[in-house]
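I have placed the structure first, in the form of structure tokens, so that the comments after it can refer back to it.
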Amino acid sequence: MLFNSYVFIFAFLPLVLVGYYLLASRMGMKWALFWLILASLFFYGWWNPIYLTLILVSIVFNYAISKRIEGKRNRHLLTLGIAVNLGLLAYFKYANFFVDNLNTLFEAGLVLETVILPLAISFFTFQQIAFLVDTYRQESHAYSFLNYSLFVCFFPQLIAGPIVHHRQMMPQFASPSLLNERSRNIAIGFSIFAIGLFKKVVIADSIAAYSTPLFSAAEQGDTLNFYEAWCAALAYTGQLYFDFSGYSDMAIGLGRMFGIRLPLNFNSPYKSGSIIEFWKRWHITLSTFLRDYLYIPLGGNRKGPARRYVNLIITMLLGGLWHGAGWLFVIWGLLHGVYLVINHAWRNLRSDISLRVTGLERSFYHLLTFLAVVVAWVFFRAESLDSAWSILQSMFSAGFLRQEFHSDQVDLSMAFILIPIVILIAWFAPNSQEMMAQDQSSGQDASADRVWLRWRPSAYFACACSLAVLVSLSMMQGNSEFLYFQF
């Protein structure tokens, strides 16, 4: 079931909201939370009921291991818990990848039926590994099985994040103030959901009409010209951002409708002036997980610059592999690892010689960072190394002045208008948390020159959000899945 579907918006969500608040007011919060768990499992099982067994077994196993570890610091049980989680992830996500590579390298002739990747396995696996590690470190509290189950399977963030931490979620489930300001929470949640839905349906799906056929043409062996290649890369750059940040906004909005505050996952990453800043703004919850549970345990920056750079490369390589079982994801992760090493080395050099950054230089850094990100996205999106390399060659071809604004693959007449508009929105428009600056959960201050864009409970914003939803509903066609569903 998709957030951007009629059955979700007009049937599932209203039914779950009404049931939640009725049960909370008449039977207590435990029954309301139990209702949310049942609804979340139904939401997950809508895709394939068979995999309900997987997530249920995962929840029971990890909770049981955490109770055994609790207060005892049993390293063997922690190792067992992590190994089982990673083993399941490795089988479902990487088994076919490893077998294919073994057959290629050694002509082993191994045969393995295609393993279907269960939705959300990467997300709920990471959340539970973090919980086990924190329990071992005695950094988590004794939570009930009810609260733990909802922490893992809460439907707004279950399928594609944000990757939530137990400290952010489970204390809320036990808070007596969870139902406070019910009307305000629903209004705020609806507004954020409307923003996310508009991002996904109106912006991301619209420019997908240019990225998808052009990348497919390159995969089929066609050589894109300079303009086609840049249209493909920039369209996907905008599509991925507005698709995934749209999902994250919708998840945050849905959570808020139930009085639950999910963590921020995007903060205008294309406004970044460096790759270091980019990773503080892009997929924030994943970056935080990789930092806390991989980069720092590897040694972080505590053992000198050389070891720090190695740790960065390893972290980003594994971060790339987490996104998908393919060498192109590894290359994407390696590229960002190299970017980060260069960025840190340059910062160290500048601090040593005490250079001040001018306004022109800052603008150059913004453009350079954006270009580096776009180049890396080509590997992230392409289906083979050959097609990725072909697109990059066309993007940086020397004979671009002799090529016409014409494409045999797709009509680009509107692309030269639509794609720049989308990129300019990402660069200069306020993001959802800036627009919701009046809401204390945003942690952001709206700039004075954008007061009219700051959310407030008024007829103006009610009409604006309703219009955004109506436009999105009118443009929804078929089942347009979110890009991060495949990760």
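Computed over heavy atoms, backbone and side chain alike; hydrogens, waters and symmetry mates excluded. Treat the numbers as computed from the prediction; the structure is a model and nothing was measured. All residue numbers refer to positions in the sequence shown, counting from 1.
- Taken to the nearest 0.5 Å, the CZ atom of R184 stands 16.0 Å off from the CZ atom of R182.
- In this structure, L179 and N185 have side chains that are not in contact, with every pair of non-hydrogen atoms separated by 4.5 Å or more.
- Going from atom OG1 of T285 over to atom NE2 of H165 covers 11.5 Å, rounded to the nearest 0.5 Å.
- Stacking of K30 on the aromatic ring of W35 is not recorded, the 6.0 Å distance cut-off and the 45° axial limit not both being met.
- A donor-acceptor pair shorter than 3.5 Å cannot be found between the side chains of S287 and K280.
- Nearest approach of F289 to A130, heavy atoms of both residues: CE1-CB, 3.8 Å.
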As a quick check of understanding, evaluate side-chain contact (heavy atoms from CB on, under 4.5 Å) for I425 and F242, giving each step before the final call. CA-CA 10 Å; I425 291 172; F242 284 102; 3.8 Å; yes
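- For the residue pair T135/E70, the side-chain donor-acceptor check at 3.5 Å is not satisfied.
- Looking at N85, I163, L88, N62 one by one, the single match for side-chain contact (heavy atoms from CB on, under 4.5 Å) with T125 turns out to be N85.
- The minimum heavy-atom distance between L77 and N74, with the atom names listed, is N-OD1, 3.1 Å.
- Closest approach of K93 and S122 over heavy atoms only: NZ-OG, 2.6 Å.
- Taking the six-membered ring for Trp and the full ring otherwise, Y94 and W322 have centroids separated by 6.0 Å or more.
- With contacts defined as side-chain heavy-atom distances shorter than 4.5 Å, the pair F155/Y44 does not qualify.
- In this structure, R281 contributes its side chain and S268 its backbone to a donor-acceptor pair below 3.5 Å.
- To the nearest 0.5 Å, atoms OG (S248) and NZ (K200) are separated by 12.5 Å.
- Atom CZ of R75 has 12 or fewer neighbouring heavy atoms from other residues, nucleotides or ligands inside a 6.0 Å radius.
- When each of F131, F124, F154 is checked for a ring-ring contact (aromatic ring centres under 6.0 Å, His included) with Y148, only F131 meets the rule.
- Ring centroid separation for the pair F12 and W46 does not come in under the 6.0 Å cut-off.
- Under a 3.5 Å cut-off, the side chain of H166 and the backbone N or O of S140 do not form any donor-acceptor pair.
- One distance of note links CG of D243 with CG of D205; it measures 7.0 Å at 0.5 Å rounding.
- The CG atom of L52 sits 10.0 Å away from the CH2 atom of W47 when rounded to the nearest 0.5 Å.
- Nearest heavy atom pair, residue Q128 against residue S58, reads NE2-OG, 2.8 Å.
- Results of the side-chain contact (heavy atoms from CB on, under 4.5 Å) test with P118 over L89, N48, L54 single out L54 as the only residue that passes.
- At a threshold of 4.5 Å between non-hydrogen side-chain atoms, the residues F126 and L286 count as touching.
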Decide yes or no on side-chain contact (heavy atoms from CB on, under 4.5 Å) for F34 and M29, but give the supporting numbers first. CA-CA 8 Å; F34 182 65; M29 277 308 301; over 6 Å; no
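- W346 and Y365 form a side-chain donor-acceptor contact under 3.5 Å, judged by distance and modelled atom types alone.
- Checking D249 against S432 by side-chain atom types alone, a donor-acceptor pair falls below 3.5 Å.
- The number of heavy atoms from other shown groups lying within 6.0 Å of CD1 (I296) is above 12.
- No side-chain donor-acceptor contact under 3.5 Å links N311 to the backbone of Y295.
- Using a 4.5 Å heavy-atom threshold, the side chains of I37 and C153 count as touching.
- The backbone N or O of F266 lies less than 3.5 Å from no partner atom in the side chain of H283, so there is not a single donor-acceptor pair.
- Under a cut-off of 6.0 angstrom, the local environment of CD1 in I50 is sparse, with at most 12 non-hydrogen atoms contributed by other residues, nucleotides or ligands.
- No side-chain heavy atom of R308 sits less than 4.5 Å from a side-chain heavy atom of K303.
- Aromatic ring centroids of W279 and H336 lie under 6.0 Å apart.
- In this structure, the side chains of I9 and F3 stay at 4.5 Å or more apart for every pair of heavy atoms.
- Taken to the nearest 0.5 Å, the CD atom of E219 stands 9.0 Å off from the CZ atom of R381.
- The closest donor-acceptor contact from the side chain of Q168 to the backbone of V164 lies at 3.5 Å or more, if one exists at all.
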Evaluate the criterion side-chain contact (heavy atoms from CB on, under 4.5 Å) for residue pair L254 and F193; output intermediate values, then yes/no. CA-CA 6 Å; L254 289 168; F193 180 86; 3.7 Å; yes
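- Ring centroids of Y270 and F370 are separated by less than 6.0 Å, placing the two rings close together.
- Nearest heavy atoms, A429 versus E434: O-OE1, 4.4 Å.
- Using modelled atom types, no side-chain atom of S5 and backbone atom of M1 make a donor-acceptor pair closer than 3.5 Å.
- With S144 contributing its side chain and N147 its backbone, the two residues share a donor-acceptor pair below 3.5 Å.
- R73 places a side-chain N or O within 3.5 Å of a backbone atom of Y136 that can act as its donor or acceptor partner.
- Ring geometry for F92 versus Y51: interplanar angle over 60°, hence perpendicular rather than tilted (30 to 60°).
- P162 approaches P263 most closely through the heavy-atom pair CG-O, 3.6 Å.
- Using modelled atom types and a 3.5 Å distance limit, the side chains of D134 and Y293 yield a donor-acceptor pair.
- Residues passing the ring-ring contact (aromatic ring centres under 6.0 Å, His included) test with W327, sequence neighbours excluded: F97.
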Are L385 and I331 close enough, and set up right, to give a side-chain contact (heavy atoms from CB on, under 4.5 Å), and what steps lead you there? CA-CA 9 Å; L385 184 58; I331 294 172; 3.8 Å; yes
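- When side chains are defined from C-beta on, V60 counts as touching F145, because their heavy atoms get closer than 4.5 Å.
- Between the Y309 side chain and the L340 main chain, no donor and acceptor come within less than 3.5 Å of each other.
- The ring of F278 has its center no closer than 6.0 angstrom to the ring center of Y339.
- Aromatic ring centres of H323 and F380 lie closer together than 6.0 Å.
- The closest side-chain heavy-atom distance from L2 to V7 is not below 4.5 Å.
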